[in-house]
2 protein chains.
Amino acid sequence: MRQYSPVNFADVRIEGDFWRERLETVLTRTIPSQHRQLEQNGILESLTLPQPAPPLRIPRNRHDFTTQIFWDSDVGKWIEAASYALAHRRDADIEAKIDEIVEWLAEAQLPDGYLNCWYIGREVENRWTNLRDNHELYCAGHMLEGAVAYFHATGKRRFLDVMLKYVDHIMATFGPGPEQKHGYCGHQEIEIALIKLYGVTKDRRHLDFATYLINERGHQPPHYFDVEAIARGEDPRDFWAKTYEYNQSHKPVREQDKVVGHAVRAMYMFAAMADLAAELGDAELKRACEILWQDVTSRQMYITAGLGPSKFNEGFTEYYDLPNETAYAETCASVALIFWAQRMLNIELDGRYADVLEQALYNGALSGLSRDGEHYFYENPLASNGKHTRWAWHTCPCCTMNVSRLVASVGGYFYSTANDVLAVHLYGGSSARVTVGGRKVSIKETSNYPWSSAIALRIDPESPGEFAVRLRIPGWARSATAIVNGAPVAVAANMLHGYLEIRRRWQAGDTIELDLPMPVERIYANPNVRMDIGRVALKRGPLVYCAEQVDNPVAVPRLRLPRAARVATEQRTDLFDGVVTLVVDGRAAEDGRDGDLYRFAPPESQPATWTALPYYLWNNRAAGPMAVWIPED
Amino acid sequence: MRQYSPVNFADVRIEGDFWRERLETVLTRTIPSQHRQLEQNGILESLTLPQPAPPLRIPRNRHDFTTQIFWDSDVGKWIEAASYALAHRRDADIEAKIDEIVEWLAEAQLPDGYLNCWYIGREVENRWTNLRDNHELYCAGHMLEGAVAYFHATGKRRFLDVMLKYVDHIMATFGPGPEQKHGYCGHQEIEIALIKLYGVTKDRRHLDFATYLINERGHQPPHYFDVEAIARGEDPRDFWAKTYEYNQSHKPVREQDKVVGHAVRAMYMFAAMADLAAELGDAELKRACEILWQDVTSRQMYITAGLGPSKFNEGFTEYYDLPNETAYAETCASVALIFWAQRMLNIELDGRYADVLEQALYNGALSGLSRDGEHYFYENPLASNGKHTRWAWHTCPCCTMNVSRLVASVGGYFYSTANDVLAVHLYGGSSARVTVGGRKVSIKETSNYPWSSAIALRIDPESPGEFAVRLRIPGWARSATAIVNGAPVAVAANMLHGYLEIRRRWQAGDTIELDLPMPVERIYANPNVRMDIGRVALKRGPLVYCAEQVDNPVAVPRLRLPRAARVATEQRTDLFDGVVTLVVDGRAAEDGRDGDLYRFAPPESQPATWTALPYYLWNNRAAGPMAVWIPED
């Protein structure tokens, strides 16, 4: 069922200004600083044995304590991100740091292969007794992804071998056998990792075990987390989240048709389901993915492609419940949505998936990383009273390495290939050498995307031949034009599910001039989104804009955007190495500070010109109020 | 400085339909059912000694456990409410129940007078070691209020004597002396109780001790709660609320100019401050009260007179932060605001205080009690997605008895007297016999308030004489008229701070016809209240209205109230024994269920007639969505 394979990021050269800047920042600042943070926060020390008892740091509260249970995952995710950096350019210092960690892990590993530093250092007798809460398989999954990435980047097998031994232990412990535990992790993640491992080992057991974990999830009675809780002497009803919807084990995955619970867990699971649907040709899994995709994107997603309104469950609540100021919209969830979207594109080249992928990439995910590359958002609200600011680190640092591993491998989302098709999903200046229809083809895309509409592509097959180039036409690009070697192409007539197909005999030097006009769009929310009633958001190309206090003399909550207001673009070379801001000939409500709290007349407003900035860039200059959805007037 | 004294509720006969119904419900249903709940929830059992160890019920979580620390207060508050019921009509059964409780308390009391059942039953050695968190003086305060009320209602001294012994112990323990603790309670309340006690005993020590607690609060360094935490071996910085603003001890009360922290604590404290300002003639305290009053009512109060937007601290956040759906707006806070408002009126007869008193009474406080008198709101949000419903009881039942003691004594808010002034604050059908200018005067007020505008008053002095009747003209009544014995009175010319003064020689049979026209008002929030931008609320007379799903076929979030829409009143005899609803010729936004989540065009709307109900009555027929602030269109 897999039709398309993404072109690996290591084979894609990022050349455009937009992503080059983000990539260089991540390579030169984020990844080294994350190693320092892992060190300074005791996370690296937690891998070294013997561990002092009591724990390294006295936790100040319950939350601090429980996040220590995830520390292995943070290390695994950093190694993954750092390995992607190494794939761009080898770095002996980074490799030495990773090798040091791998040796700690090898030393910590028990003779039977078990390798979770938290349990080994504290209460190894309790290992595998609380999959619901304690993240052992989640940690294993992230370490496995790190090991696979490090092997790809360097060819070094040491970490991979350590993890293979651990995976053997895990596969012996869990499974359908009478002596095995029929369990799966409370936090999905290892499924994705096992499929990546299968990509390296081609060992069918690895794919089968991922399939087992997905298929077993939610089967009942008895529910595995009930069985496990009772074995611990606990009442399963005391589960703090009160429902297994929290971790998407409330019913078998193929029966799920509503996206519920913890957003990151859901997205990781759906990504694995899409992977398995492709690998196994499993139409039922594909159908479940399609239903769930439609559910989340049509009723539960912020305009930034942020997911999960609620802090309580770090996840979903009810349809159309999308509060702005209290939005949780964890960075990890938007990153994981990108993972899922890419895997849906592997099954079916449909612009719906790529549109959401791009929406998440440029907004809800990218917002998670500061301009300086060393500060982060965990939550990505769509409005702020000024108190929401970036962290240098977080008690639960999951988002930090999720955004660095995403940006470090961003080139992997630009291109896919099928038999005789080269699909282009993202623009912004890149080149790649791919194989299409059995022949090597170089592609080079030059543009100032997402700031400008003009995109030039050059297609250089090693020998002339017929194949199709499918260029994504984003849903917002309603008047796209294309010219091949100077001759216009009929766009509408050649559209296939959001992609413009140009099927011809290509030869070296062929060019495509694609234009994706990006007027400023006023976006309205579905009327069921009660928080956005009477409000409008501004979008240009893939970028959602926001009004940030630092750009505006009038208090952000007083800004108004009447329906007739003119909105102009402005090229600002003085901001963030060049961005396009929006200048609104809008209005400002009266300053109510000394006025009555309640009054008989509506507030008045005066003309006011104000500025909007791409959402992903907010809170990089000063703390202050911000809003995506602006009252019309 | 005290200029006015409220006429005691026991001397006011409630005769009008509106309050008669609420009062009878509380007397016949609420108070008996609350005793049953105290019994069924183990709260009465917790007073009996010896207590089983471990505690009666295994707490299921930390919150359950800590609320047991307040149980004495719940009992005290019930006795207070029940005593108010007895003042209306004696009831041997209720008295027997109270007497039984009093004997338990007498038995529990330690020889030195100490009387906190939680500590006595569990860890008496730790008494008075954590005033910040553990509510000992708060519990004492509520029991003391119960004892005073029971004494007033029945003349029985037993409970009062028990409490006097406890108060002696408390006054020996706390105070300025070198051997005394310089402490005060984390939850203000006992200050009000001590002033009530002083009203009975005329023992100056009781007033002085209340003054000490108020004056000592917030003095530093050292801060008492720091001293106490260090003595417990704790780091004061580990205080969960992180700031002493939480309990208004961040600075001395006279220096406070912003209302912060836990809303109920703040209101109880301000009530005591106003009491003391009146008793002591303390201009500095009065000034602090005025500043704090202006602060909270002009920047931090819901239109329902609900207070405290945040669940985190059960209190205040920042100016104009008034979210509707997540409003905490605890019933207790609106009840306590009424207490404070009345005490401000004692100092200065100003309609601003009475307006807020009435606003809280008819909206944010009254909403806390169900129509059947046996269900409650703890939080009083101004919008709901349908999940907010009334409780039959609450883990923390503070609000239940706050609303019953309020309604059982509601007559006490109708009238005040000064030397030669009789002030009428509230209307709705009542009569009283008061002393004005040294002569007995009977007053009888007849109206269908708050449903109709016509109010008839009859003034019957025992002998003719000159004095002033001051009739409150609510702030919303912008075209009030008055006729005395058939002759019109010039209202505007005789207004004194929100009261129409009619000073004349009154004689038996004199009548006043007051008319307070109550057109439907559209109310807009200050533009700084970002949640209410583009929205309007409906108010008629003192009642805030809301759209409730049960009255409307269109989903509440889809309702629209264009500026030009006609709003008619409708007398509905079929609802709640007769209410006035509002019928809006408004609009309804399109049903977006199957539409795009985000779109380029604003939602459309169609004409729709919809109904609004007084806010205090919502959630009495069915669970469902509700909204006070309706989008204009």
Side-chain angles (χ1 to χ4, degrees), chain A residues 60-61 238 240 297-301 303 317-323 325-326 383 385-387 476 478 521-531 533-537 539 555-558 560 563 589-605 625 627 631-633, chain B residues 60-61 238 240 297-301 303 317-323 325-326 383 385-387 476 478 521-531 533-537 539 555-558 560 563 589-605 625 627 631-633:
Chain A
R60 292 182 64 86
N61 58 50
D238 287 343
W240 71 270
T297 58
S298 72
R299 303 186 189 101
Q300 306 200 68
M301 186 177 76
I303 191 174
T317 54
E318 64 198 68
Y319 288 158
Y320 305 110
D321 182 36
L322 296 166
E325 204 169 305
T326 59
N385 60 13
K387 292 194 176 163
W476 49 261
R478 292 181 287 177
E521 303 276 14
R522 280 174 163 77
I523 306 291
Y524 297 86
N526 185 298
N528 289 317
V529 185
R530 56 202 183 282
M531 305 75 179
I533 292 169
R535 292 175 183 255
V536 59
K539 197 162 169 281
V556 165
R558 290 171 51 210
R560 298 291 180 271
R563 217 162 275 187
E590 62 182 280
D591 181 354
R593 263 176 300 176
D594 296 321
D596 289 339
L597 185 50
Y598 301 105
R599 64 269 294 273
F600 296 114
E604 305 203 331
S605 65
E632 287 203 279
D633 196 26
Chain B
R60 292 182 62 86
N61 59 48
D238 288 344
W240 71 270
T297 58
S298 72
R299 303 185 189 102
Q300 304 200 69
M301 186 178 78
I303 191 173
T317 53
E318 63 199 68
Y319 288 158
Y320 304 111
D321 182 37
L322 296 166
E325 202 168 304
T326 59
N385 59 13
K387 293 195 176 163
W476 50 260
R478 291 180 290 177
E521 303 277 13
R522 282 174 163 77
I523 307 289
Y524 297 86
N526 184 298
N528 289 316
V529 184
R530 58 201 181 281
M531 304 77 178
I533 292 170
R535 292 174 182 257
V536 58
K539 197 161 170 281
V556 164
R558 290 172 49 209
R560 299 290 180 271
R563 217 164 273 186
E590 61 182 283
D591 181 352
R593 262 176 301 177
D594 294 321
D596 290 338
L597 185 50
Y598 301 105
R599 64 267 298 271
F600 297 113
E604 306 205 330
S605 66
E632 286 202 279
D633 196 28

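Below, read A as the first sequence line, B as the second, and so on, with proteins coming before strands; counting in each chain starts at 1.
- With rounding to the nearest 0.5 angstrom, the CG atom of B/D321 is 8.0 Å from the NZ atom of A/K387.
- A/R299 contributes atom CZ, which lies 11.5 Å from atom CG of B/D596 (distance to the nearest 0.5 angstrom).
- Here the closest heavy-atom approach between residue A/V529 and residue B/L597 is recorded as CG2-CD1, 3.9 Å.
- With a 4.5 Å cut-off on side-chain heavy atoms, A/I523 and B/F600 count as touching.
- Contact annotation for A/T297: only backbone heavy atoms (N, CA, C, O) come within less than 4.5 Å of a heavy atom of chain B.
- Heavy atoms closer than 4.5 Å to chain B are found nowhere in A/K539, neither backbone nor side chain.
- A/R535 CZ to B/I533 CD1: the interatomic distance, rounded to the nearest 0.5 Å, is 5.0 Å.
- Both the backbone and the side chain of A/R593 have a heavy atom closer than 4.5 Å to some heavy atom of chain B.
- Of the two parts of B/A589, only the side chain, counted from C-beta on, holds a non-hydrogen atom closer than 4.5 Å to a non-hydrogen atom of chain A.
- Contacts between A/E318 and chain B at a heavy-atom distance below 4.5 Å involve the side chain alone, from C-beta outward.
- Once rounded to the nearest 0.5 Å, the distance linking CG of A/D591 with CG of B/N528 reads 6.0 Å.
- By the 4.5 Å heavy-atom criterion applied to side chains, B/P602 and A/R563 are counted as neighbours.
- Looking at A/Y319, neither its backbone nor its side chain comes within 4.5 Å of chain B, counting heavy atoms on both sides.
- Of the listed residues (A/E590, A/R478, A/E604, A/R560), the one with the most heavy-atom contacts under 4.5 Å to chain B is A/R478.
- For the pair A/Y524 and B/P603, the tightest heavy-atom approach, listed with the atom from each and the gap, is CB-CD, 4.2 Å.
- Only the side chain of A/E521 comes within contact range of chain B, judged by heavy atoms closer than 4.5 Å.
- Across all their heavy atoms, B/L322 and A/Y598 have their closest contact at CD1-OH, 3.7 Å.
- Of the listed residues A/S298, A/P527, A/G534, the one with more heavy-atom pairs under 4.5 angstrom with chain B than any other is A/P527.
- In this structure, CE in A/M531 is found 12.5 Å from CE in B/M531, a value given to the nearest 0.5 Å.
- Residues B/R530 and A/N385 are in side-chain contact: their nearest non-hydrogen atoms beyond the backbone lie under 4.5 Å apart.
- Contacts of B/A601 with chain A are made by backbone atoms alone, with heavy-atom separations under 4.5 Å and no side-chain atom involved.
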